[in-house]
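To start, the structure under review is shown below, and the notes come after it.
The structure displayed is predicted, hence computed values, not measured ones. Below, read A as the first sequence line, B as the second, and so on, with proteins coming before strands; counting in each chain starts at 1. All values below were derived from every heavy atom in this structure, side-chain atoms included, with hydrogens, water molecules and symmetry-related copies excluded.
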Amino acid sequence: MSERYDPKKIEERWQGFWLDKGVFEVKEDPSKQKYYCLEMFPYPSGNIHMGHVRNYAIGDVIARYKRMRGLNVIHPIGWDAFGLPAENAAIEHGVHPARWTEENIDKMKSQIKRLGLSYAWGREINTSSPDYYRWNQWLFIKMFERGLAYKRKSSVNWCPSCETVLANEQVEDGRCWRCDTDVIQKELEQWFFKITDYAEELLGFCDKLPGWPERVLTMQKNWIGKSEGVEVDFPVKGSEKKLRIFTTRQDTLYGVTFMSLAPEHPIVSELVRGTSYEKDVIEFVEKTKRLGSLLRTSGEIEKEGVFTGSYAINPLNGDEVPIWVANFVLMEYGTGAIMAVPAHDQRDFEFAGKYGLPAKIVIISADSPSPQSSPPRGEEIKRNFPLPSGERERVRGAELMESAYEGEGIMVDSGPFTGLRTEEGKDKIASFIEKEGFGEKKVNYRLRDWGISRQRYWGTPIPVVYCDRCGIVAIPEKDLPVILPVDVEITGKGGSPLSEVESFLKTDCPKCGGAARRETDTMDTFVDSSWYFIAYCFKNGKIEFNAERRTPNEETGYWMPVDQYIGGIEHAVLHLLYARFFTKVMRDLGLIMMDEPFSNLLTQGMVIKDGAKMSKSKGNIVDPNYLIDKYGADTSRLFSLFAAPPEKDLEWSDQGVEGAYRFLGRLWALISRYKERLKGPEGKAGFNDLYGQGKALYRKTNQTIKKVTNDIEKDFHFNTALASLMELVNMMNSFEPESNNDLRVLKKTIETTLILLSPFAPHISEELWQTIGHKESIILVAWPSWDEEALKEEEVLIVIQVSGKLRGKIYLPPNSDDGIIKEAALSEKKVAEFIKDKEIKKIVVVRNKLVNIVI
RNA sequence: GCCCAAGUGGCGGAAUUGGUAGACGCAAGGGACUUAAAAUCCCUCGGAGGUCUCCUCCGUGCCGGUUCGACUCCGGCCUUGGGCACCA
């Protein structure tokens with residue numbers, strides 16, 4: 001052992017040791033409780049960044065800790081290897097995506113291995129390998145057979161310069177992220193997964209995931225966006241046609257003063273055909289379409305519309321109301337048509353104001369002066385809205401309103417429903433509509449089906465062919481995988497690269513044997529990451545699903561679900577929602593048993609430097625490789641864990657890293673100093689044989705065990721766990737053993753420190769563990785438990801307050817009687833001075849804590 | 001606009017159920033060792049004031065409330081960060 005701590009001399013050696021012994025490889029063992037610890041797998045960009053270090057350090061502490069608690073821990077890693085960057089590298093540097101990816105994986109793997117993480121490398125997966133993506137294809141076919149994968153026309157982001165589809169994330173301020181060209185909307189045939197079939201279950205289970213952060217669940221709930229209401233048919237005047245609308249405010253049906261249609265609504269052209277309105281309406285529709293859905297849904301453009309010349313009839317009261325086309329109505333949501341209630345919907349209010357359309361008040365606030373028994377009408381309503389009139393006076397009938405009243409209240413001017421509270425009115429009107437056949441109750445979701453088609457090369461080929469005779473035909477299971485051809489020219493232009501590959505494109509129809517062509521789109525890479533955690537469960541990475549068997553595989557049955565999942569908050573919705581969806585689909589296919597993939601979720605904060613997220617473009621990157629070179633893996637891990645609790649953002653600090661390094665150096669020096677003397681005394685020192693500083697150190701050791709254990713168990717607050725270990729090391733540093741018993745306690749404390757530290761800084765812990773004479777690896781040592789008896793202090797500090805202000809401190813034996821405490825407090829010198837000549841009103845005693853003398 | 005977090009020293013952050021605010025670390029200042037520096041070790045370290053080893057007052061974004069006692073609970077604001085955003 002060298003005098004000075006030099007991580008270079010030890011870390012590689014221990015990494016090799018763990019690898020050779022295969023200590024992190026696991027197999028299922030029904031006699032042992034399992035623990036599945038998983039960090040979100042990386043995209044092989046070529047270099048790890050501090051976010052990875054933090055993520056993996058957190059996961060590794062948990063995995064190593066649980067292993068020492070005797071659990072059968074599976075802690076796998078792999079590569080999210082398909083994706084656009086590989087294709088961009090091909091475009092820019094002419095390197096094949098497969099080669100680029102492979103080289104990056106090699107590079108990143110060696111970087112990750114330098115961190116000394118406890119991965120079961122034997123289970124490593126690579127989503128770009130045919131062994132993996134064949135199961136993407138297999139799952140796709142199973143979903144296709146069940147109608148969960150389907151094809152339809154859909155509007156996509158299209159860059160006219162790059163001639164390719166862009167994902168929403170790749171559109172920045174309406175422009176292509178690569179060439180700055182304005183992105184347009186284009187109708188394309190796309191494959192979709194029917195995630196909406198699972199909307200209700202995905203939403204419902206949000207309340208059954210206690211191990212998930214509340215804000216992630218809230219984000220998912222908002223994303224799913226359930227809303228309950230009714231669909232109502234409004235007959236079109238002078239025609240057989242009916243206009244179906246969706247509303248959640250059926251209680252305002254008596255306040256409808258016009259209708260608004262989405263420009264894309266098919267009835268628009270029917271209504272205006274051959275009328276004098278046709279030209280204006282078509283022009284407006286075209287103009288709106290050109291805006292693109294991104295801009296239209298941004299809320300930034302002004303509400304505009306045009307009258308169609310037609311009228312609809314309100315089925316409840318027979319009112320005839322004009323039908324307009326409005327740019328803010330979306331075809332994708334509800335029915336693409338809405339009833340407009342300017343008095344109670346702000347958007348309608350603004351629209352009505354602009355075009356001079358009337359409003360009708362049908363809800364008044366329950367706080368307004370009118371009693372429920374005789375609801376107000378006409379002029380009286382206006383009196384109850386004594387708002388100053390302003391620029392909105394063109395909204396006839398609501399001249400005194402500044403804005404729509406969207407709140408709850410009492411229904412007025414609503415025929416037989418007048419006088420009801422809104423909640424009750426909603427129910428009654430919904431039932432009435434169903435009874436009269438005007439429409440039906442309806443639940444709508446904001447969640448859309450998941451479009452998975454990508455006009456790109458580096459992804460899983462969608463396993464279908466198009467046959468002129470048979471139509472869309474899925475590839476039979478036995479012919480999987482559909483291999484992604486290697487010989488492809490990638491230009492970044494002209495849509496799907498695969499459509500240029502003749503040998504891939506041309507095939508025979510599996511059904512009729514005739515000529516057919518293959519689908520040339522590939523799958524969204526989110527498909528790959530939607531079930532990879534299940535793939536890890538298979539021995540030697542040999543994935544095997546069997547839908548005929550209908551009984552889940554033994555391995556997945558043992559390991560799933562993931563007990564602890566750790567990753568960035570940026571995946572709060574997409575990846576985590578898709579993974580939940582896939583789990584449910586796979587359950588329904590009989591492949592696995594559980595409803596949810598991740599029992600507990602930890603969303604770690606970002607790594608920040610100089611007030612901003614570390615990123616290449618900001619130039620505030622800290623390279624983990626440099627850090628490991630300079631300080632070693634243990635210091636890098638330690639700082640990531642010590643600087644902040646995992647869920648919070650971590651502010652980078654070069655000096656903070658120095659601090660972590662110094663701590664390990666002090667521990668090293670301490671053990672180096674005592675190494676020889678610790679070999680002397682054998683046997684254990686019992687708590688009762690101890691006194692003075694030896695006893696104090698023994699107590700502190702036990703307190704530290706408790707603190708570290710609880711901090712890990714409760715909420716993974718490693719920063720405070722490490723702080724308490726630092727305190728213990730500080731105490732040892734000022735400890736001066738005077739007896740063999742003292743030395744025995746010191747040895748015990750050193751051992752405990754190393755065991756407690758080993759999940760955080762495994763290399764130095766192994767090394768020092770060996771230095772003090774242990775033969776077996778520290779990994780195999782059981783996590784210590786604390787001696788409850790030893791925790792107790794001989795004296796407890798009792799704080800004395802006079803009227804809530806701290807005035808003195810006394811030490812008393814624990815659990816002293818209130819009377820004794822009072823007496824001691826009152827006679828304390830300083831306290832006595834404060835209360836002298838004053839009348840004591842009350843004395844509050846909190847046992848073992850404090851006395852408050854109120855004067 | 002709506003929803004959700006979070007505001008504590010010069011900085012990162014501590015503070016079980018309301019009970020000593022500032023653990024631990026960093027930075028800073030002083031000292032030791034050294035020819036010198038680095039490294040290491042020791043001391044001080046929220047602010048103001050005083051009769052300065054000790055004591056007083058103020059202090060956890062702001063204003064109020066509950067309580068013997070509030071960083072912690074309640075009400076109302078302000079600021080920052082994140083998510084959603086014409087979803088009918």
Gap separating the CH2 atom of A:Trp786 from the CD1 atom of A:Ile705, nearest 0.5 angstrom: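 Taking CH2 in A:Trp786 and CD1 in A:Ile705, the distance rounds to 8.5 Å.
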Interatomic spacing from CG in A:Asp427 to NZ in A:Lys441 - rounded to 0.5 Å: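 Separation between the atoms: 6.5 Å.
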Taking A:Arg347 first and then A:Glu406, would you say they form a salt bridge - that is, a charged N and a carboxylate O separated by under 4.0 Å?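 A salt bridge is absent here (no side-chain N lies under 4.0 Å from a carboxylate O).
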Is the phosphate of [N] approached by [X] (side-chain N or O, under 4.0 Å from OP1 or OP2)?
X        : N     : result
A:Lys805 : B:G19 : no
A:Arg446 : B:A85 : yes
A:Arg807 : B:U56 : yes
A:Ser227 : B:A88 : yes
A:Arg662 : B:C26 : yes
A:Asn719 : B:G12 : no
A:Lys809 : B:U20 : no
A:Asn222 : B:C4  : no

What is the separation between atom [atom1] on [X] and atom [atom2] on [N], rounded to the nearest whole Å?
X        : N     : atom1 : atom2 : result
A:Arg4   : B:A38 : CZ    : C1'   : 10 Å
A:Leu667 : B:G25 : CG    : P     : 13 Å
A:Trp652 : B:G25 : CH2   : P     : 19 Å
A:Lys849 : B:U17 : NZ    : C1'   : 9 Å
A:Glu647 : B:G81 : CD    : P     : 20 Å
A:Asn852 : B:G69 : CG    : C1'   : 6 Å
A:Glu658 : B:C26 : CD    : C1'   : 11 Å
A:Lys221 : B:C84 : NZ    : P     : 17 Å

Under 4.0 Å, heavy atoms only, any strand: does [X] hit a base, just the sugar-phosphate, or nothing?
X        : answer
A:Leu797 : base
A:Gln655 : sugar-phosphate
A:Lys841 : nothing
A:Ser260 : nothing
A:Asp348 : nothing
A:Gly659 : sugar-phosphate
A:Asn444 : nothing

Distance-only polar pair, side chains of A:Gln604 and A:Asn55, donor-acceptor under 3.5 Å: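 Side chains of A:Gln604 and A:Asn55: pair found under 3.5 Å.
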Check: A:Phe351 ring centroid to A:Phe258 ring centroid under 6.0 Å: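 Ring centroids of A:Phe351 and A:Phe258 are less than 6.0 Å from each other.
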Can you tell which of [options] lies closest to the side chain of [X]?
X        : options             : value
A:Arg347 : B:G13, B:A88, B:C24 : B:A88
A:Arg666 : B:U17, B:C41, B:A23 : B:C41
A:Glu651 : B:A88, B:C55, B:G12 : B:G12

Between the base of B:C87 and the side chain of A:Arg448, is there a donor-acceptor distance below 3.5 Å?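 Such a pair is found, so the answer is yes.
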What's the base orientation of B:G9: syn (chi within 90° of 0) or anti?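 Here the answer is syn: the torsion falls within 90° of 0.
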Would you mind reporting whether A:Gln693 and A:Met731 have side-chain heavy atoms less than 4.5 Å apart?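 A:Met731 vs A:Gln693: side chains apart.
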Does the ring of A:Trp668 carry A:Arg4 above it, NZ/CZ under 6.0 angstrom from centre and within 45° of its axis?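 No - A:Arg4 does not lie over the ring of A:Trp668 by the 6.0 Å and 45° rule.
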